Amino acid sequence: MDTLQTIKALSNESRFKILEWLKHPEKHFDPQDHMPSKCDFQGGICVGSISEKTGLAQSVVSGYLVKLQKAGLLESHRAGQWTYYRRNEEGIQRFIEQLKEEL
């Protein structure tokens, strides 16, 4: 994990808020009824729902989500035409521990 890359990913207010909202998705997003019942990606939220909450274009939000995923803070799952994202709790903890060591 690249600490500086992760800090850069978090330095944008919208990306930071997305990560906060995904901590408790049930409080911030409507149920993801379009998620297939056989899909086991608990807590996953589709790009469209995140885009709607931010008020930003879906293409912008998609780029933000990819940046957070590359930083190790999110994980994704594709189901049909939908891509769902959720927090990568292990990656977040790894970043926190690495930050403690480096600073």
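Only this structure's heavy atoms are used, side chains among them; waters, hydrogens and symmetry mates stay out. Remember, predicted model here, so these are calculated numbers, not experimental data.
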Out of curiosity, [X] [atom1] to [Y] [atom2], how far, rounded to the nearest 0.5 Å?
{"X": "Tyr64", "Y": "Ser14", "atom1": "OH", "atom2": "OG", "answer": "5.0 Å"}
{"X": "Leu4", "Y": "Ser11", "atom1": "CG", "atom2": "OG", "answer": "9.5 Å"}
{"X": "Ser62", "Y": "Gln69", "atom1": "OG", "atom2": "CD", "answer": "11.0 Å"}
{"X": "Glu89", "Y": "Leu22", "atom1": "CD", "atom2": "CG", "answer": "9.5 Å"}
{"X": "Lys70", "Y": "Asp2", "atom1": "NZ", "atom2": "CG", "answer": "13.0 Å"}

If you compare all heavy atoms of [X] against all heavy atoms of [Y], which two are closest, and at what distance to 0.1 Å?
{"X": "Gly72", "Y": "Asn88", "result": "O-ND2, 3.3 Å"}
{"X": "Ser51", "Y": "Ala57", "result": "OG-C, 3.6 Å"}
{"X": "Thr83", "Y": "Ser76", "result": "CG2-CB, 4.2 Å"}

Report the C-alpha distance between Val61 and Leu56 in whole Å, list the side-chain angles of each, state the deciding distance to 0.1 Å, and finish with yes or no for side chain to side chain contact (heavy atoms under 4.5 Å, CB included).
CA-CA 7 Å; Val61 171; Leu56 299 171; 3.9 Å; yes
Does NZ or CZ of Arg78 come closer than 6.0 Å to the centre of the six-membered ring of Tyr84, within 45° of the ring's axis?
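No, Arg78 and Tyr84 do not form such a contact.
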What donor-acceptor contacts under 3.5 angstrom involve side-chain atoms of residues 93-103, with partners at least two apart or in another chain?
from: Gln98; atom 1: NE2; to: Met1; atom 2: O; distance (Å): 2.9
from: Gln98; atom 1: NE2; to: Thr3; atom 2: OG1; distance (Å): 3.0
from: Gln98; atom 1: NE2; to: Glu102; atom 2: OE2; distance (Å): 3.1
from: Glu102; atom 1: OE1; to: Thr3; atom 2: OG1; distance (Å): 3.2
from: Glu102; atom 1: OE2; to: Thr3; atom 2: OG1; distance (Å): 3.0

Side chain to side chain contact (heavy atoms under 4.5 Å, CB included) assessment of Gln32 paired with Ile45
CA-CA 7 Å; Gln32 302 295 290; Ile45 303 295; 3.8 Å; yes
Using the salt bridge (Lys or Arg N to Asp or Glu O under 4.0 Å) criterion, which residues pair with Lys17? Sequence neighbours excluded.
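Salt bridge (Lys or Arg N to Asp or Glu O under 4.0 Å) list for Lys17, sorted by chain: Glu20.
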Tell me, yes or no, whether the heavy-atom count around Glu52 atom CD, taken from other residues, nucleotides or ligands under 6.0 Å, exceeds 12.
no
Exercise answer: donor-acceptor pairs, residues 24-31 side-chain atoms, under 3.5 Å, sequence neighbours excluded:
none

pair Trp21-Thr54: side-chain heavy atoms closer than 4.5 Å
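Side-chain contact under 4.5 Å: yes.
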Do Ile92 and Arg87 have side chains that approach each other closer than 4.5 Å (heavy atoms only, starting at C-beta)?
yes
With side chain to side chain contact (heavy atoms under 4.5 Å, CB included) as the test, would you mind laying out the steps for Trp82 and His77 before giving the verdict?
CA-CA 8 Å; Trp82 308 93; His77 177 76; over 6 Å; no
Tyr85 and side chain to side chain contact (heavy atoms under 4.5 Å, CB included): which partner among Leu19, Ile18, Leu65?
Leu65
